[in-house]
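A short write-up of the structure that comes next.
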Amino acid sequence: MTDVRVRFAPSPTGSLHIGSARTALYNFLYARHNKGTMVLRIEDTDEKRSTTEHDRGIIENLAWLGLQADEGPDVGGPFGPYRQSERSDIYEAAVQKLLADGAAYPCFCPQEMLEQKNEALLAAGKMPKYDRTCCSLTKDEVAARLAGGEQAAIRFKVPDGDVNFADLIHGPITFSSDVIGDFIIKRTDGGYSYNFAVVVDDAGMEITDVIRGEDHITNTARQLMIFAALGKPAPRFGHHSLILAPDGSKLSKRHGATSVAQFRGLGYLPAAITNYLALISWHPQDEREKFSLAELMEEFEIERVSKSPAIFDLQKLNWLNGLYIREMAPKDLFVAVAPYLADSGMAFAPVQQEVVAEAIQANLVTLSDAPQYAEVFHVDADPATCSGAPDLTGPQSSQLFELAIEHFKQMPAEFLPVPEAREVLRGLVEAAKEKGVKGKAVYHPLRVALSARGEGPELFYLVAGLGKTKILKRLESAAAYAARFADPTL
RNA sequence: GCCCCCAUCGUCUAGCGGCCUAGGACAUCGCCCUUUCAAGGCGACGGCGGGGAUUCGAAUUCCCCUGGGGGCACCA
């Protein structure tokens with residue numbers, strides 16, 4: 001077997017879609033697993049819809065996911081250029097060859113007429129198919145019309161007979177060629193059609209395996225015919241299923257985030273995305289669910305990719321994302337989360353950062369969840385007005401707060417490392433116990449006093465990350481509030 | 001309309017004729033842990049779309065139906 005060469009061939013008409021990312025991932029894994037090469041080819045033959053902005057965005061998002069191609073417009077390679085807009089000469093040569101071989105012919109039929117005919121066929125319950133009007137034109141007729149200034153498109157003459165291939169994922173697939181009409185390979189405007197350019201490029205770039213979405217399965221028949229007409233060996237094809245929205249329809253904007261850039265902005269980790277995308281239809285031999293990119297490269301086998309379409313399950317992506325977040329070192333987590341905190345106007349001193357990250361780590365589903373949990377370290381809300389306020393006015397609260405104030409005044413520094421904060425808190429709990437205040441009666445009022453919330457990270461994190469000044473200030477305001485409710489008989 | 005593909009818990013899937021009383025994961029629910037929210041541990045709920053055929057035996061093979069998806073362009 002010659003060295004495996006695969007390609008990912010997006011068209012820069014939009015941001016990198018999560019479905020395209022999966023195609024890229026499967027190509028990448030297939031290449032890596034088989035010690036082959038992945039090439040990135042930008043299919044920008046649609047000048048009207050392609051933009052350089054998307055071109056750049058796609059390359060950037062692929063890199064962010066860790067799916068860097070071995071050859072492509074950004075890194076170069078021996079089979080360039082890697083943008084179709086720069087390959088016209090190559091396509092033209094192929095068109096001329098097909099014309100010379102009689103495998104293609106010029107077509108002068110106006111578009112309006114073709115549309116009419118197709119509609120008529122559709123109405124009659126038949127498959128729309130070109131009627132070969134121009135196929136029978138003689139060389140002289142063609143020359144005359146061309147000389148008369150008429151514009152011609154070039155059509156591929158579809159040969160008779162069945163086309164079949166062994167799909168890497170689906171197994172044998174057969175098409176009858178009489179379902180396929182002679183299709184355009186070069187447009188009147190001089191552009192080359194997708195089905196044609198793809199084949200010329202896959203042949204020219206010596207692609208051995210084409211892994212793409214199921215929406216291309218019917219294109220394969222046409223492409224196989226062109227490979228044959230060009231006298232080039234056809235690659236193997238593998239068509240993976242498509243990703244559907246929860247309602248079974250095509251995944252689109254109205255279902256929420258659909259592009260890699262959006263997921264990135266929402267705070268999803270690349271490792272979680274690639275892990276999830278792989279798991280959508282690939283399954284390992286055993287029952288593990290968590291795979292790093294490196295592990296996927298090692299274990300990914302296209303034989304184990306499922307044929308059926310899959311519904312995008314945000315819940316599972318969320319679960320994986322949380323898994324990867326919990327795995328991060330707090331220091332790294334803070335760095336990852338910092339932009340979101342900054343957006344919410346939160347900044348933390350270097351000494352607090354690791355504590356804050358560690359404190360909120362287990363709560364995060366995405367990085368963008370950080371502000372809502374980190375808030376307890378930042379906001380200076382009045383505990384008296386929060387929903388947990390009733391806990392501040394228990395029979396022993398006033399006494400507890402006075403004790404706590406005395407206790408925290410002894411803190412040796414503004415910020416303490418977590419283990420020391422734990423000790424300080426333990427000391428307070430002991431002292432409170434001696435005064436007959438224990439359990440929930442100490443933890444809960446303290447929590448509300450310190451954070452103005454009834455829930456949040458473990459108390460010692462608050463002690464560590466809040467800072468002595470803030471702790472005392474908050475306790476004092478809680479104490480003042482509690483005093484107003486204190487039972488004068490106590 | 002025609003062509004192609006697909007069909008196991010709500011979702012992603014394991015299963016490739018007896019190992020299936022159908023396994024795992026997410027979600028859901030319950031319990032445990034716990035000062036709270038999470039995280040974590042344990043458990044529960046829950047499925048082979050329908051009909052034929054082959055076979056001693058079918059989730060697994062074949063046919064039909066139904067359902068879903070894709071395609072049928074001078075878009076990619």
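First the proteins, then the strands, lettered A, B, ... as listed; each starts at 1.
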Legend entry - His283(A) and Ser306(A): side chain donor to acceptor below 3.5 Å: no
Inset, instruction - Assign Arg447(A) to base, sugar-phosphate, or nothing according to its heavy-atom contacts below 4.0 angstrom with the strands shown. - result: base
Inset, instruction - Using a 4.0 Å heavy-atom cut-off across all strands, classify Asn219(A) as base, sugar-phosphate, or nothing. - result: base
Inset, instruction - Check whether any side-chain nitrogen or oxygen of Arg304(A) sits under 4.0 Å from OP1 or OP2 of rG15(B), and answer yes or no. - result: yes
Inset, instruction - Report which part of the nucleic acid Ile280(A) touches: base, sugar-phosphate, or nothing (heavy-atom distance under 4.0 Å, all strands). - result: sugar-phosphate
Inset, instruction - For Ser281(A), report the nucleic acid contact type (base, sugar-phosphate, nothing); a contact means any heavy atom under 4.0 Å. - result: sugar-phosphate
Legend entry - Span that lies between the C1' atom of rC33(B) and that of rG43(B), in whole angstrom: 15 Å
Inset, instruction - State which of rG23(B), rC5(B), rA76(B) makes the closest approach to the side chain of Arg187(A). - result: rA76(B)
Legend entry - Short side-chain N/O contact from Lys307(A) to OP1 or OP2 of rC6(B), under 4.0 Å: yes
Inset, instruction - Answer yes or no: is there an ion pair linking Glu299(A) with Arg288(A), defined by an N-O contact shorter than 4.0 Å? - result: yes
Inset, instruction - Remember a base hit wins even if backbone is also touched, and classify His216(A) as base, sugar-phosphate or nothing at under 4.0 Å, heavy atoms. - result: base
Legend entry - Separation of atom CG in Leu314(A) from atom C1' in rG10(B), rounded to whole Å: 15 Å
Inset, instruction - Using the closest heavy atom to pick a nucleotide of RNA chain B for each, name whichever of Pro172(A) or Leu425(A) lands nearer the 5' end. - result: Pro172(A)
Inset, instruction - Look through every strand shown and name the nucleotide pairing with rC26(B) as Watson-Crick or G-U wobble, where both distances are under 3.5 Å. - result: rG10(B)
Inset, instruction - Using both distances under 3.5 Å as the test, list the Watson-Crick or G-U wobble partner of rU55(B), or none. - result: none
Legend entry - Pairing partner (Watson-Crick or G-U wobble, both distances under 3.5 angstrom) of rC20(B): none
Legend entry - Spacing of the P atoms in rG15(B) and rG67(B) (rounded, Å): 29 Å
Inset, instruction - Ignoring backbone atoms, test whether Arg222(A) places a side-chain nitrogen or oxygen under 4.0 Å from the OP1 or OP2 oxygen of rC3(B). - result: no
Inset, instruction - With heavy atoms under 4.0 Å as the rule, sort Pro128(A) into base, sugar-phosphate or nothing. - result: base
Legend entry - Separation of rC3(B) P from Asp215(A) CG (nearest whole Å): 21 Å
Inset, instruction - Salt-bridge test for Asp44(A) and Arg83(A): reply yes if a basic N is under 4.0 Å from a carboxylate O, no otherwise. - result: no
Inset, instruction - May I ask you to say what Arg212(A) touches in the nucleic acid, namely base, sugar-phosphate or nothing, with a heavy-atom cut-off under 4.0 Å? - result: nothing
Legend entry - Integer angstrom distance from the C1' of rU8(B) to that of rG23(B): 11 Å
Inset, instruction - Describe the nucleic acid contact of Thr45(A) in one word from base, sugar-phosphate, nothing, applying a heavy-atom distance below 4.0 Å. - result: sugar-phosphate
Inset, instruction - To the nearest Å, give me how far apart CD (Glu455(A)) and P (rU36(B)) are. - result: 12 Å
Inset, instruction - Identify whether any heavy atom of Arg288(A) sits under 4.0 Å from a base atom; if not, whether one sits that close to sugar-phosphate; answer base, sugar-phosphate or nothing. - result: nothing
Inset, instruction - Report yes if a donor N or O on one partner sits less than 3.5 Å from an acceptor N or O on the other, where the partners are the side chain of Asp46(A) and the base of rC75(B); otherwise report no. - result: no
Inset, instruction - Could you state the atom-to-atom distance from CG of Leu317(A) to C1' of rA25(B) in whole Å? - result: 14 Å
Inset, instruction - Taking only the side-chain heavy atoms of Tyr194(A) (C-beta and beyond), determine which of rA76(B), rC3(B), rU36(B) contains the nearest atom. - result: rA76(B)
Legend entry - salt bridge (Lys or Arg N to Asp or Glu O under 4.0 Å), paired with Asp182(A), selected from Arg132(A), Lys129(A), Arg155(A): Arg132(A)
Legend entry - Same-atom distance (C1') from rC37(B) to rC19(B), integer angstrom: 45 Å
Inset, instruction - Could you measure between the two C1' atoms, the one in rC48(B) and the one in rU61(B), and give it in whole Å? - result: 16 Å
Inset, instruction - Report the distance from atom OH of Tyr373(A) to atom P of rA38(B), rounded to the nearest whole Å. - result: 8 Å
Inset, instruction - Tell me whether the centres of the aromatic rings in Phe291(A) and Trp282(A) are closer together than 6.0 Å. - result: yes
Legend entry - Gap between atom CG of Asp55(A) and atom CD1 of Ile42(A) - 0.5 Å precision: 4.5 Å
Inset, instruction - Tell me what Pro457(A) touches on the nucleic acid: a base, only sugar-phosphate, or nothing, going by heavy atoms under 4.0 Å. - result: base
Inset, instruction - Rounded to whole angstrom, note down the P distance from rA59(B) over to rC65(B). - result: 23 Å
Inset, instruction - Please measure how far the P atom in rG18(B) lies from the corresponding atom in rA22(B), and state the result in whole Å. - result: 16 Å
Inset, instruction - Consider only side-chain N and O atoms of His216(A) and Gln223(A), and report whether a donor and an acceptor are under 3.5 Å apart. - result: no
Legend entry - Length of the line joining Lys290(A):NZ and rC12(B):C1', which is rounded to integer Å: 18 Å
Inset, instruction - Measure from the side chain of Thr218(A), starting at C-beta and using heavy atoms only, and say which of rG71(B), rU11(B), rG40(B) lies closest. - result: rG71(B)
Inset, instruction - Just name whichever nucleotide pairs with rU36(B), Watson-Crick or G-U, keeping both distances under 3.5 Å, else none. - result: none
Legend entry - Whole-Å gap separating C1' (rU34(B)) and CD (Glu458(A)): 8 Å
Legend entry - Spacing of Phe196(A) atom CZ relative to rC75(B) atom P, expressed in whole Å: 15 Å
Inset, instruction - Would you classify Ser306(A) as touching base, sugar-phosphate or nothing, given that sugar-phosphate means primed atoms plus P, OP1 and OP2, and contacts are heavy atoms under 4.0 Å? - result: sugar-phosphate
Inset, instruction - Tell me what Phe175(A) touches on the nucleic acid: a base, only sugar-phosphate, or nothing, going by heavy atoms under 4.0 Å. - result: sugar-phosphate
Inset, instruction - Kindly confirm whether the side-chain ring of Trp319(A) is stacked on the base of rC26(B), judged by centres under 5.5 Å and planes under 30°. - result: no
Inset, instruction - Could you please name the option among rG71(B), rU35(B), rG24(B) that lies closest to any side-chain atom of Glu289(A)? - result: rG24(B)
Legend entry - Among rU35(B), rG23(B), rA76(B), the one nearest Glu287(A) by side-chain distance: rG23(B)
Inset, instruction - Would you classify Gly456(A) as touching base, sugar-phosphate or nothing, given that sugar-phosphate means primed atoms plus P, OP1 and OP2, and contacts are heavy atoms under 4.0 Å? - result: base
Inset, instruction - Provide the distance between the two C1' atoms, one in rC56(B) and one in rG17(B), to the nearest whole Å. - result: 12 Å
Legend entry - Among rU13(B), rC3(B), rU11(B), the one nearest Val179(A) by side-chain distance: rC3(B)
Legend entry - Arg7(A) CZ to Ile207(A) CD1 distance, which is reported to the nearest 0.5 Å: 7.0 Å
Inset, instruction - Please determine, for the side chain of Ala310(A), which listed nucleotide (rC12(B), rA76(B), rC5(B)) has the closest atom? - result: rC12(B)
Inset, instruction - From the options rC5(B), rA76(B), rG24(B), select the nucleotide whose nearest atom is closest to the side chain of Ile173(A). - result: rC5(B)
Inset, instruction - Tell me whether the centres of the aromatic rings in Tyr26(A) and Phe300(A) are closer together than 6.0 Å. - result: yes
Legend entry - Asp182(A) or Leu242(A), whichever maps to the more 5' nucleotide of RNA chain B: Leu242(A)
Inset, instruction - Determine the contact category for Gln315(A): base if any of its heavy atoms lies under 4.0 Å from a base atom, sugar-phosphate if only primed atoms, P, OP1 or OP2 are that close, otherwise nothing. - result: sugar-phosphate
Inset, instruction - Please find out if less than 6.0 Å separates the ring center of Tyr130(A) from that of Phe156(A). - result: no
